[in-house]
Amino acid sequence: MNTLRKLITITVMIIPLGLAGCASESGLAQVRAKADAAQVAAKEAQVTANEALAKANAVQDKQYEAINRADTAQRTANAAQQTANQAIRAENANNSGNQ
């Protein structure tokens, strides 16, 4: 009887372990599937982020170009103002000399 009891005890312990092993394999497959899906989603997010960054860089480049053009226009306007001021001074000096 003692041997039979040991056999039953061992059987009772082995069957759940065997079933747990089967469950672990399917559980592992599910974990792998979720990990794969997460990896695909992460790659898609990275592509989207890269596209957004490229668009932002393009906009920034256009802003820099606009700033440079505005700066050039300001310099041209300043130079024109200086020339106009010199012309006014010269005219005033000329008018003062003629009086």
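The chain is numbered in sequence order, starting from 1.
- Separation of atoms CG (Asn95) and CD1 (Ile88) is listed at 11.5 Å; rounding is to 0.5 Å.
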(request) Check the pair Glu65 / Arg69 against salt bridge (charged side-chain N to carboxylate O under 4.0 Å, His left out), numbers first and verdict last. (result) CA-CA 6 Å; Glu65 183 179 341; Arg69 287 182 181 184; 2.7 Å; yes
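- Residues passing the salt bridge (charged side-chain N to carboxylate O under 4.0 Å, His left out) test with Glu91: none are found, sequence neighbours excluded.
- Contacts classified as side chain to side chain donor-acceptor pair (under 3.5 Å) and involving residues 75-86 (residues at least two apart or in different chains) are given here: Asp71-Arg75, Gln74-Asn78, Gln81-Asn85.
- Between the CG atom in Leu53 and the CD atom in Gln60 there is a gap of 9.5 Å [rounded to 0.5 Å].
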